[in-house]
Amino acid sequence: MPNPSHSTSPARTWIITGPTSGIGRRTALKLAEHGSVVLVGRDPNKLAEVEAEIDARPQGHAVSVVCDFSGIPSVRRAAARIVALGLPIAGLLNNAGIMPTRADQTAQGWDLAFTTNHLGPFALTEALIPHLPDGANVVFVCSGVEDPERKPAVVAGFHGGRYISAKAGLRGEWQPGGSSKAGFDAYATSKQCNLATVLAFARETPRLRFNAVEPGFNPGTGLGRDANAAVRFLAKYVAAPLAPLIKHWSTPKRAARMITGVLTDGSDRTGVYYDENGKPMVGSAQVRDPAFADRVVAETRALLAAIPVDAAPTNR
């Protein structure tokens, strides 16, 4: 695991999305040990709680930026607010995400998981790249469920990423042969696109660093918040205590420590995908194909460029 002590000046600022619960909250608090933190999330009240907790610490400093990642105009406004803060940004952690078990749509009729997990973070990152100093580290929280050959993911009911095109993803359309749960295909595909983005951006922009993390399966977090009450209870009170004992599982505390280490690492590592223990791992054969990753990025850019601010989609 990278050593976070190698690049942790108090003057530095770390941006984290989805910092109000689960792994995100733990990571935000951990990052606050390494400088100022910009908290980017949807709920202003929850953001204020985390901000107050950080500000109450000696030397602690946090600022909140409200952003709904299911709305591209909201993401663009948030990026502009972050730039306007004028803080010395050292890194960006794209952590915000959802894992629905069923298909769901945004208010504009777009697939909710694909928009929230892929399009929103992609748009935020692209908007911030020109304002990031050389050597800044951009980290995406990914997931091994994008790999159809990863056994724990298959056992859980995932069939890997099912990417057709960015436009198809917006409509919630996936390659046939997927999971029996439509939300699983949306999640796996969005996470495959996250990893493709990391690998393509690392090749495109060598002045910055782009890395990915697989935080491990963390039962009891808010990621699967649309599961029924019984499943949520079992995850929190039965599975979560066992997590440290099971391969590929983790806890929010452990995941936060690992993610913070990757984000604040002072080396020149880029294009690396870290597992739940902070060790390099590989993604699916498809996502490792540079042609595929480049296609995902090119199609995503074209799709986002065609979405005017506050406009409804035209390709439903």
Return the minimal non-hydrogen interatomic distance between [X] and [Y], and the atom names on each side.
| X | Y | answer |
| --- | --- | --- |
| Val38 | Leu85 | CG2-CD1, 4.2 Å |
| Ile259 | Val213 | CG1-CG2, 4.0 Å |
| Gly144 | Arg150 | O-CD, 3.2 Å |
| Leu31 | Thr260 | CD2-CG2, 3.9 Å |
| Pro19 | Leu47 | CG-CD2, 3.8 Å |
| Pro44 | Val66 | CB-CG2, 4.0 Å |

By side-chain contact (heavy atoms from CB on, under 4.5 Å) - contacts of [X] (at least two apart):
| X | answer |
| --- | --- |
| Ile89 | Ile15, Ile82, Leu132 |
| Thr106 | Ser70, Gln108, Trp110, Leu112, Thr115 |
| Ser284 | Glu146, Asp147, Pro148, Gln192, Gln286, Val287 |

Answer with yes or no whether the side chains of Asn137 and Asp265 bring together a donor and an acceptor at under 3.5 Å. no
Looking at residues at least two apart in the chain, or sitting in another chain, which of them share a salt bridge (charged side-chain N to carboxylate O under 4.0 Å, His left out) with [X]?
| X | result |
| --- | --- |
| Arg207 | Asp134 |
| Arg203 | Asp294 |
| Glu53 | Arg25 |
| Arg295 | Glu299 |

ring-ring contact (aromatic ring centres under 6.0 Å, His included) pairs, two or more places apart, involving residues 36-74: none
Pairs touching residues 156-175 that satisfy ring-ring contact (aromatic ring centres under 6.0 Å, His included), sequence neighbours left out: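 Matches after skipping sequence neighbours: Phe114-Trp174, Phe158-Phe184, Tyr163-Phe292.
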Scan for salt bridge (charged side-chain N to carboxylate O under 4.0 Å, His left out) pairs involving [range], sequence neighbours excluded, and state none if there are none.
| range | answer |
| --- | --- |
| residues 88-99 | none |
| residues 186-201 | none |
| residues 117-128 | Glu126-Arg301 |

Roughly how far, to the nearest 0.5 Å, is the [atom2] atom of [Y] from the [atom1] atom of [X]?
| X | Y | atom1 | atom2 | result |
| --- | --- | --- | --- | --- |
| Asp55 | Ser36 | CG | OG | 9.0 Å |
| Lys181 | Ser179 | NZ | OG | 6.0 Å |
| Arg171 | Ile164 | CZ | CD1 | 8.0 Å |
| Lys253 | Ile23 | NZ | CD1 | 14.5 Å |
| Cys193 | His118 | SG | NE2 | 4.5 Å |

Under a 3.5 Å distance rule, please check whether [X] uses its side chain to pair with a backbone N or O of [Y] as donor and acceptor.
| X | Y | result |
| --- | --- | --- |
| Arg26 | Ala255 | no |
| Arg162 | Thr189 | no |
| Asp111 | Leu170 | no |
| Asn277 | Lys279 | no |

Could you walk me through whether Asn117 and Ile98 satisfy the side chain to side chain contact (heavy atoms under 4.5 Å, CB included) test, starting with their C-alpha distance in whole Å, then the side-chain angles of each, then the deciding distance to 0.1 Å, before giving a yes or no? CA-CA 7 Å; Asn117 296 353; Ile98 59 171; 3.8 Å; yes
Does some side-chain heavy atom of [Y] sit less than 4.5 Å from a side-chain heavy atom of [X]?
| X | Y | result |
| --- | --- | --- |
| Ser143 | Glu214 | yes |
| Glu51 | Ser64 | yes |
| Val297 | Thr300 | no |
| Ile16 | Asn94 | no |
| Glu173 | Ser165 | no |
| Pro280 | Tyr273 | no |
| Trp14 | Leu93 | no |
| Leu29 | Arg57 | yes |

Yes or no on side chain to side chain contact (heavy atoms under 4.5 Å, CB included) for Ile129 and Leu208, after CA distance, side-chain angles and deciding distance? CA-CA 8 Å; Ile129 281 176; Leu208 301 175; 3.9 Å; yes
What about Val154 and Met99, same hydrophobic cluster or not, with Ile/Leu/Val/Met/Phe/Trp/Tyr joined at side-chain heavy-atom distances under 4.5 Å? no
Indicate if Val83 and Leu87 have the same hydrophobic cluster label, given that clusters are the connected sets of ILVMFWY residues with side-chain heavy-atom separations under 4.5 angstrom. yes
Side chain to side chain contact (heavy atoms under 4.5 Å, CB included) assessment of Leu92 paired with Thr125: CA-CA 8 Å; Leu92 163 64; Thr125 302; 3.7 Å; yes
Centroid separation under 6.0 Å, is that true for the rings of Phe201 and Phe140?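 No, they do not, as the ring centres are separated by 6.0 Å or more.
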Can you check side chain to side chain contact (heavy atoms under 4.5 Å, CB included) on Leu124 and Arg76, steps first, answer last? CA-CA 7 Å; Leu124 180 71; Arg76 290 167 173 162; over 6 Å; no
